[in-house]
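Only one structure is covered here, and it is reproduced in the block below.
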Amino acid sequence: MGIVGLAGAFAGLDLFSDSPVTFDPATSTLLSRSRDGSLSRLASTNSGGSILAGCALDNTFYLAGDFSSINGLAASNVASYSPSSGDFAAVGSNSPNGQVNALFCDTKDNKLWAGGKFSSPGSSIAVYDPEAGSWAAAPFTGIAGAQAQVNSISTNSSDESIFFAGSFLTGFGNANAALNGTNNPNIDASPSSTQSGFSNIQNVLCPAGPDGSGNSWFAADNSTPLVTVRTFSFISANGVRLGNTFQPDHGTTGFTVTTIPDNTVQTLKYVDPTTGQNTTCSDPCPLSTDSSILYQDFLFDRPLAITGVQIKLSQFTGASAGLHFLQLLSSGAFASSIEQNNGPSCFAPAPSNATQTGQWSALQVDTDIPGTVQNVLVSSVPVGTLSSSGPTFTWMPYVSAAGNYDIRLVVPGCIALKDCAARTSVQVTIFPGGGLPPFIQTVSQQNTENAATTVYSGPILPTSPDFSTTIRMSLADSPVGTGQNGQWTILADRVELVLTSANATASSDGTNGTGGVGGLARGFGFFEWPRSASSTSGIDGRRAFPNTTLTSLDTLGFDVLSGLGGVNALASANLALNAVAFHSSGLFVGGSFALTSGPASGSSNIVSFKNGVLAGLADGGLNGEVLSLLLNGDQLFVGGSFKDTRSGSTGDRLSGIAIYNVQTNSWTPLNAGVDGAVFSIGLVENQIQVAGNFTKILSSPNSNTGIDAPGFAAWNVETSTWVNSGGFVSGRMTFVGNADSSTQFVAGSVSSSRKFGASGLVMLQNGDENGPEVLPLSVDLSGAVSSSTSSSSLTRRAPKPRSAWMSHMKFSHIFARQSTPSQQTPLPAALPAAAPAVLAGAFWKNGSQELAILGGNFSFVATGASSSSEAVAIYDQESSTVQGLSGAQINGIVRTLLVVGDSLFIGGEFTIPGASINGLALYDLSRNAWNLDGLQSLQPTAGSTVVVRSITQSDSRSNLIFVAGSFAQAGSLRCQAICSFDMTSRQWNALGNGIQGEVSSVAYSGNNQETLVAGGSINLADNTASNVVEFNFDNATWVAVGTGSEIPGPVTALEVNSGNSSSLFAAGQSSDGTSSFLAFWNGERWSTLGSTLSQGSTVSQLTMVPLQNTHTANSIIEADRMLMISGALSTSSGNASSALYDGQTVLPYIVSTSASGTAGSVSSLFHSFKTFSFSQRKFLATGVVILISIAIAAGVVFLLALIGILWTLFSRKDDKLNKYDVAQEEDDDSAHHRPSSLLEHINAATRSTIIGASPYSNYNAEKEEKSTGGAQEQDPFGPDASNYLRAETPSDAIGGLLAEETSRPAHARYSFDGTGEGELPLNAGAEVEVLDDRDPAWWYARDVRSGQEGVVPAAYLY
């Protein structure tokens, strides 16, 4: 089957539209991306807007960012798009009032989550309910701290939780722990006393001794001092702890607490030491002067998210106010089974403690409690062991003050430890103190997930400063479970104490009620929100999360904060977690950070979280910010603004994009990455899509060379190569995401876009009934590729001019034939061909394979090769591989190719290092080697270079190759502009007397291509100016086609209409360069076809294309065909790369764009069949647009009108091709009428070639009778078409559609001159084949000897 290639200098293209889409890079544009990668514009934001996120929910796509309108519709930062209707809409009336960075479409609860930096309807997190059509704050109100910004919202495979990442602080609870001088040194007091030992406010944070010098602080006499405690980041504080100084003449009696940064005077709760009752105070609050009360706790109404407090000491005794003790409070305490986890508190005589009996061993587990190592103690006992004989464990947490507390026993889940069968139940005994009786409860340890079970809720009453509450655990009196391998297992982890009230008395009853407000353990940039916690009311994540919401993954945030150096390290504005990816082995987080302590110390910008702890990745992570993560199996694709690992292990080959292998803990580059930042990564059908602010896919690190990819690129996961992304877009792309399994959306600041994208070439071959199969070049071409053996420069080096070689022998007999040349207008400059550009192509039959040979201005590195190949590529479409030519590489540009057998002729403007070659070379494809021996080099005219623009072969001279372009001679032979090369003798030969000037295009006329037609800037040997000339092989003479004055200037493209020498088309530019023209030769004279092309047009190719249904007939182009004009065109309707001309109007059809966003061009068409004619091939419907649209839907990446045309032309059976002998095709020379019945016959046959039905299925006897008996119908090729010769339509035009039995042999009874149009001349006795005998007067027949077809009188045959 025929295969077609279409080549040019472009990166993207689209069908021409009378209403072209324009792009404003100041806006953000949303594009849809179909399964084949083609792009379509959907909408744009207001100027200055941005689209940063998107997701799909219930057939609606939601997009978000920072914008106020979309497609002119008012929408605040979030909008919706309906693919079915194509409509955009605002999302609710109270959408987020600030930038949205992340969207999460929650299919489980049918909600839309938005995260970013805004204050309403929630604090940086909001939830939209599509059914209610309204926004609300998150169930936990929102987040605060650091930048108070959410950058990622996601879920994992279980979909039981939602995960948030960004720049914020979280707080979870441990008991009334003080934020003392150990972790909060930022305290200031003014004015302070100058008295020695009492002037430093730092003394009171955690005084080392009793009230006195060095442990207390005085204000300046008679002042109202302000004591300011700051963390410079948000904390969740539960109150303050103040202790008075009892030094003579100093003491505080009243104070006020103002929180920072909201500057609010707080109402505080405290226990009145006189009455023992809970009391509130505000301005002022009293501080006890009883020396027996070391300090008092003043609690906020609820935990507050603040950055500090300012305490005004407004009332005092003596000369000035003073303090001995000051702490910020969280809300709880804990004791661990692991001794090293129990740290001391201020004024505690000893830290929390633990004791044990029996055999206990340490075991590492995932824990729900932050701030501890991942160890617990485990004891195994035989099944049946009595409680009294079993092991025990006792926790003794230090409790500094009385109050009502919840005590919780933390038990790791059995699934993670794989010991569910061995678990049993335990008995827990609590001694609350103050004469209260012990509280006993049985607790099952068979929980599958981590659990914190409340075992006591009530008062804790310390009886002395060194009192410790005791929680004892032992085997239950009636243990549950059957054990495993005859053993029961019990675990000792931690106990938590959570303060619920500052008022506690011995009369309070202990219960096992629900937990209260959690305390403060800090995390940064990450937290998990269990869906089950959504039913809990009153949670304010800006201040603190209750421990009931704490999960093992929240430890990630704690460890990150610790690794950063604590809250004081958050002064850096760019610290953030930006992306999260979940793997079966753990999870990965990427962002902007550097850890200096902890298990992942030394890691930058990306870490993993496995087995409950942070873990660094290979080579210390990455040396720049991570912005996007996507996990595909065990490959983690990482995008951002980095170049290498932190250690520099890849030599900067990870620029912008990298692969991390989870199993091997190693990094893999994607070639050398891209030359900018990657903001977003998508995945569809084994292709990774990369969007960002870059322009190229780099061929080598830190270089400017590579494949053009302005903002969007695609990586094939299976082949591990960069591939054509499908559509073309140029800009700063910020988002790519999936709408469903086959459709994506892409967004960003777009400067230009085309529906289809390609790196200069596409291949087309026969498809199914839906249309042709169109395949892009699977290997992207670049301008230059750096390697150890190749240049890294993108710029093509122009071939060095060679001085013309001249023999010392005299050739006066040769030069005598040449007249003195007149001044000629040079050919117009060739179309711009900035690399990568494919300018020529040919096909090579290599055994059973049909390979495409590509030439142009490009470079590439073949798979497995270490060096680059230049200018020529051999492409195997089946294996999607490309290889270069062996040996020395071409240095320059290839403009034309011809394959004859296994010989590849290469023409252009180039040299080959180490060879005497200039513009023309010969390569042996079978040996994969240059075949330059005996090939004499072309020589330029003085002051110019050799350019070969055409290499062709004539059917009538199959041993000769015709080389044309700009040159003076071949070897020693003078043959300016065109010369023939004998493949047998390897000798050059001049064509007759030769010509002068330059040749741009060569075509052939005649049944057997016995006449060569050349166009360019040409004079005959006698100095006759004629930019189109003919050379007749039979008489070896050149003649001008028309007069020189009839053509306005040099010709750049030429077409012979189906071999008809009386129907020529030529295009070019006027001699003064001010205008472009299209001219037609009707056999007698040239005529310029009106204002068909505008100034600035450059035509590279003219091609006649056939149609099935006819357009209006005219004297220029037959009704069944059109002229396709390709190049860089300017028409009255706009710029185009290809247009169709019907003899009256130029119809722009294809527009293309270069990688830089400027107009592209189409250079050449090439196909696997050597020749074709209108009468031999199938026809194409006039609805070219329809056919091409079908092809597009089937996966077109690069498409031109001619693609659909040639699919039709070449999709016939090979056996039919073999029957036709082009050498014997009739030279039509008549314009007479044919019977109307014959027209019906011909039209039926041509229609059937497209629709695949019998050519006679629509035969209507009544119409036929009317046609033959009445007035003849108007012949559409009548008088107005008499100026051209029309080709007939042989039966081969309908391929194998005619059954064999429909034809029969016959003989001519009489001779028939056959001078009428469509008639078949016969000699008496000639053998014919009757193809259609249903017309009573005229039969359609084929001359068996000549192969000609036509109609003959029925009476003349027997």
Side-chain angles (χ1 to χ4, degrees), residues 51-66 77-81 91-92 95-96 98-118 121-143 148-168 170 525-534 541 549 551 553-554 556-557 576-582 587-591 627-631 679-683 734-740 744-745 747:
I51 299 173
L52 305 174
C55 64
L57 181 67
D58 285 344
N59 300 317
T60 298
F61 181 76
Y62 294 91
L63 58 145
D66 185 7
N77 303 312
V78 184
S80 66
Y81 169 69
V91 178
S95 55
Q99 179 172 304
V100 176
N101 299 325
L103 288 181
F104 172 64
C105 286
D106 183 3
T107 56
K108 187 172 185 176
D109 293 336
N110 195 36
K111 298 289 192 297
L112 175 69
W113 292 72
K117 190 173 182 62
F118 47 83
S123 180
S124 299
I125 301 173
V127 185
Y128 178 72
D129 185 343
E131 293 184 1
S134 62
W135 287 92
F140 47 85
T141 307
I143 52 91
Q149 179 169 298
V150 172
N151 297 328
S152 170
I153 308 176
S154 58
T155 188
N156 58 7
S157 58
S158 69
D159 203 15
E160 294 299 326
S161 297
I162 300 174
F163 300 86
F164 300 84
S167 179
F168 51 81
T170 58
F526 178 88
F527 77 94
E528 175 182 0
W529 175 252
R531 293 180 185 273
S532 59
S534 297
T549 69
T551 73
L553 292 181
D554 286 315
L556 186 156
L577 302 185
N578 299 321
V580 179
F582 295 89
L587 62 86
F588 297 87
V589 290
L627 299 169
S628 182
L629 296 175
L630 188 144
L631 194 63
F679 300 140
S680 182
I681 305 176
L683 171 65
T734 54
F735 168 75
V736 57
N738 291 8
D740 51 43
Q744 288 183 311
F745 292 95

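Partners of Ala53 under the side chain to side chain contact (heavy atoms under 4.5 Å, CB included) rule, at least two apart in sequence or in another chain, are Leu103. Residues passing the salt bridge (charged side-chain N to carboxylate O under 4.0 Å, His left out) test with Asp66, sequence neighbours excluded: none. Partners of Ser161 according to the side chain to side chain donor-acceptor pair (under 3.5 Å) rule, which considers only residues two or more places apart in sequence or in another chain, are Glu528. In terms of the side chain to side chain donor-acceptor pair (under 3.5 Å) criterion, Asn77 has no residue partners (sequence neighbours excluded). With sequence neighbours excluded, the residues that form a side chain to side chain contact (heavy atoms under 4.5 Å, CB included) with Ser158 are Asn156, Glu160. Remark: Thr155 pairs with Phe104, Asp159 by the side chain to side chain contact (heavy atoms under 4.5 Å, CB included) rule, at least two apart or across chains. Ala79 meets the side chain to side chain contact (heavy atoms under 4.5 Å, CB included) test with Leu63, Phe67, Ile70, Ala75; sequence neighbours excluded. Residues forming a ring pair (Phe, Tyr, Trp, His ring centres under 6.0 Å) with Phe582 (at least two apart in sequence, or on another chain): Phe163. For Phe588, the ring pair (Phe, Tyr, Trp, His ring centres under 6.0 Å) criterion is met by Tyr660, not counting sequence neighbours. Take Phe61 and apply the ring pair (Phe, Tyr, Trp, His ring centres under 6.0 Å) test, not counting sequence neighbours, and it matches Phe745.
Summarising the geometry, atom CD1 belonging to Ile143 is positioned 9.5 Å from atom CZ belonging to Phe164; distances are rounded to the nearest 0.5 Å. Note that CD1 of Ile153 is 6.0 Å distant from CD1 of Ile125, once rounded to the nearest 0.5 Å. The CZ atom of Phe526 lies 7.0 Å from the CG atom of Asp554; values are rounded to the nearest 0.5 Å. Interatomic distance, CZ of Phe735 versus SG of Cys55, reported as 8.0 Å (0.5 Å rounding).
Contact check for Leu57 versus Pro130: side-chain heavy atoms found under the 4.5 Å cut-off. For the pair Pro96 and Trp135, the minimum side-chain heavy-atom distance is below 4.5 Å. Residues Thr551 and Pro530 have side chains in contact (heavy-atom distance under 4.5 Å, counting atoms from C-beta outward).
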Show me, pair by pair, the donor-acceptor contacts under 3.5 angstrom made by side chains of residues 110-117, not counting sequence neighbours?
residue, atom, partner, partner atom, Å
Lys111, NZ, Asp109, O, 3.2
Lys117, NZ, Gln147, O, 2.5

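Leu627 approaches Ala579 most closely through the heavy-atom pair O-CB, 4.2 Å. Closest heavy-atom contact between Thr734 and Ser680: O-CB, 3.7 Å. Leu556 and Leu587 get closest at one heavy-atom pair: CD1-CD1, 3.1 Å. When all heavy atoms are compared, the tightest approach of Val78 to Ala64 is CG2-CB, 4.0 Å. Contact between Gly591 and Asn578 at its shortest, heavy atoms only, is CA-ND2, 3.5 Å. Heavy-atom minimum distance, Leu52 versus Val100: CD1-O, 3.8 Å.
The main-chain N or O of Ala165 is never found under 3.5 Å from a side-chain atom of Ser152 such that the two would form a donor-acceptor pair. A donor-acceptor pair under 3.5 Å is absent between the side-chain atoms of Asp58 and the main chain of Thr60, judged by distance alone.
Annotation: salt bridge (Lys or Arg N to Asp or Glu O under 4.0 Å) contacts involving residues 148-157, sequence neighbours excluded, are absent.
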